[in-house]
Amino acid sequence: MVNRVRLVALAVAIAATIHAEHPSLLVTKNDLPHMRHACGVGPSLDDPTVGAFGARRGDFQAVRLHVSTQLTAMRLDLPADGQGAPSGWLPGELVAAAFLHLVEPDDPGDTKRILAIEDALHATNVQGEELIERIIALDWCWSAIEPAARREFLMAVRSSLKPLSPADSPLDHGIFRDRLAGLAAAAAFDADDELGEWWNELRASLLGGARPWVESTLPTYLQWRGGAPTSPESGPQEECDAALAVEFASRLVDDAWTRHHEAIGRSLEHYLAVGSPGEAGGADFVRDVPGEGALSTAPQWKSLLPLTAHLIAARSRGSAAALIADAVERGMNDKTDLLRHAWRWIPIIFDVRDIPRADPTRQQTLRNLGGAVVLCGEGRTPTTIWIDAGQPFLQARQHFDAGGFLIRRGADLAVSAADDLGQYAVQSRKGTARLGELRDAFDFAQFNSATIAHNAMLYTEPNRITRWYGKIYPPAGGQIPHEGTCLDFRRSLDEQGRATGRLIGADPADGGRPAPSRRSTNRGQGGECGRVGG
């Protein structure tokens with residue numbers, strides 16, 4: 001009872017200074033005139049700084065056509081009682097329909113869109129990104145949605161809305177997306193929305209976890225991870241989740257972006273280290289699956305991934321993020337994949353045209369991304385050396401062999417063992433290898449996905465025995481098997497046994513030569529090599 005009273009008191013105190021007007025998530029009512037001006041809807045703004053009237057009309061019409069086509073394909077029939085609107089939205093489409101309501105609420109087709117959104121709110125067995133999309137759509141269409149539908153939706157999903165805890169981080173994408181849904185709901189809906197005392201108490205709990213997480217857990221996670229993803233496969237999710245967390249928290253914690261815009265603003269610079277994003281020659285700096293992977297913050301057009309680059313560029317004004325946003329935008333305009341057009345509302349809300357772009361042909365020779373050091377030549381297809389350099393063991397199957405390197409000039413110039421071994425040591429080829437677990441054939445797919453050192457030599461160490469998930473594991477060449485993802489951001493990495501070797505920094509002011517006096521113990525942060533720029 002005492003804790004509940006404290007939580008309610010906290011909610012009242014915060015509500016006294018924070019009121020969630022609608023729209024509140026990603027966009028506010030102050031942004032609407034500029035958005036309508038860009039779409040060519042309504043009166044134009046007499047302001048030369050906002051661009052030409054209708055400058056984004058093509059994107060607006062593409063979203064409009066896509067949503068209209070989707071509603072028609074659903075064979076929407078509107079009976080007299082207003083019931084019967086469809087569900088079954090694909091990723092991005094629900095938010096696209098809500099965006100059209102923001103820009104053109106008086107459009108004759110808006111009634112059909114609102115009914116469809118209301119129907120989607122009845123599908124309450126959703127979690128993660130689907131739940132976040134519904135919360136955003138409800139926020140954007142709040143006054144147009146029936147009050148009963150609003151309350152019923154939030155009542156139905158309240159068990160899925162949980163506060164952030166010190167153990168939560170973007171390292172666990174599935175769980176973290178559920179936490180983001182709670183953060184988004186707390187930012188969007190407050191006591192002024194008259195949802196009832198149950199909502200005030202739930203919101204108090206959500207608020208109670210937000211501030212300490214933003215002030216303590218998030219900076220520790222960003223520092224330990226550095227600018228290099230824990231793997232190329234999880235990188236886009238990590239970047240998107242961190243940016244959305246700060247964006248939603250900024251509605252509740254005034255200085256959230258001020259505190260973290262530098263670290264998150266630079267989180268996309270690794271994409272420039274191995275080739276221009278979206279152009280020939282760009283490929284993952286390492287591969288955690290056999291074969292080449294696409295270099296993109298949006299490898300899939302779902303999970304709000306297409307939002308990442310524009311959101312980070314708009315909030316941090318980072319030159320690397322702005323350049324990558326251009327590549328994502330080109331992907332949105334792909335006429336061979338019309339489903340991408342549902343996301344073309346993103347550059348309308350996040351107008352990044354005035355942000356200077358990084359020049360991939362004029363990168364610094366040496367950059368410390370935190371967890372990786374990149375040496376880069378000059379020209380359109382420079383020789384690039386990526387050296388894994390001491391990122392802590394944060395993921396369960398993150399690199400077992402730190403210290404590996406890749407050399408690329410248009411293609412890999414160093415042997416990549418994992419690709420070939422992963423293909424040959426499979427059951428269909430009767431391939432076995434006595435690495436890893438003592439009594440079982442070693443799955444080379446594990447080596448392929450877990451090690452950043454694809455060109456590593458392997459040495460077995462039969463005299464050094466450890467256990468991994470309860471099984472005997474003779475490690476190969478210094479491997480340190482870790483169980484589970486990092487959930488403790490309060491104890492040091494040494495205490496958790498997740499530290500790697502020291503990273504010796506490099507001072508760009510001294511020609512990039514090693515600076516032994518500037519050490520970063522166990523955190524892989526080393527000497528700062530500056531922002532990517534032209």
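When all heavy atoms are compared, the tightest approach of W213 to D168 is NE1-O, 2.9 Å. Counting all heavy atoms, side chain and backbone alike, H270 lies closest to G227 at CD2-O, 3.5 Å. Residue R251 comes nearest to A187 through the heavy atom pair CB-CB, 3.7 Å, listed as atom of the first residue, atom of the second, then distance. Looking at every heavy atom in both residues, P163 comes nearest to S205 through CB-O, 3.3 Å. F99 approaches W140 most closely through the heavy-atom pair N-CE3, 3.7 Å.
Residue K162 qualifies as enclosed at atom NZ: its count of foreign heavy atoms under 6.0 Å is above 12. The environment of L32 atom CG is dense: over 12 non-hydrogen atoms of other residues, nucleotides or ligands sit within 6.0 angstrom. Heavy-atom neighbours of E194 CD from other residues, nucleotides or ligands within 6.0 Å: at or below the threshold of 12. Shown here is D47, whose CG atom has more than 12 heavy atoms of other residues, nucleotides or ligands within 6.0 Å.
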Stepwise side-chain hydrogen bond (donor to acceptor under 3.5 Å, both in side chains) test for E238 and T230: CA-CA 9 Å; E238 293 170 358; T230 56; 2.4 Å; yes

Considering only distance and modelled atom types, tabulate donor-acceptor pairs under 3.5 Å from the side chains of residues 336-343, sequence neighbours left out.
from	atom 1	to	atom 2	distance (Å)
T336	OG1	D334	OD1	2.6
T336	OG1	D334	OD2	3.1
D337	OD1	L339	N	3.4
D337	OD2	R340	NE	3.1
R340	NH1	G331	O	3.2
H341	NE2	D334	O	3.4

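For the residue pair E239 and T308, no side-chain donor N or O sits within less than 3.5 Å of a side-chain acceptor on the partner.
Using the six-membered ring where Trp is involved, H22 and F189 have ring planes that are tilted, between 30° and 60° apart.
For the pair R150 and W142, the distance from NZ or CZ to the six-membered ring centre is under 6.0 Å and the angle to the ring normal is within 45 degrees.
In this structure, the side-chain hydrogen bond (donor to acceptor under 3.5 Å, both in side chains) partners of D107, at least two apart in sequence or on a different chain, are R64, R113. For S160, the side-chain contact (heavy atoms from CB on, under 4.5 Å) criterion is met by Q127, L131, not counting sequence neighbours.
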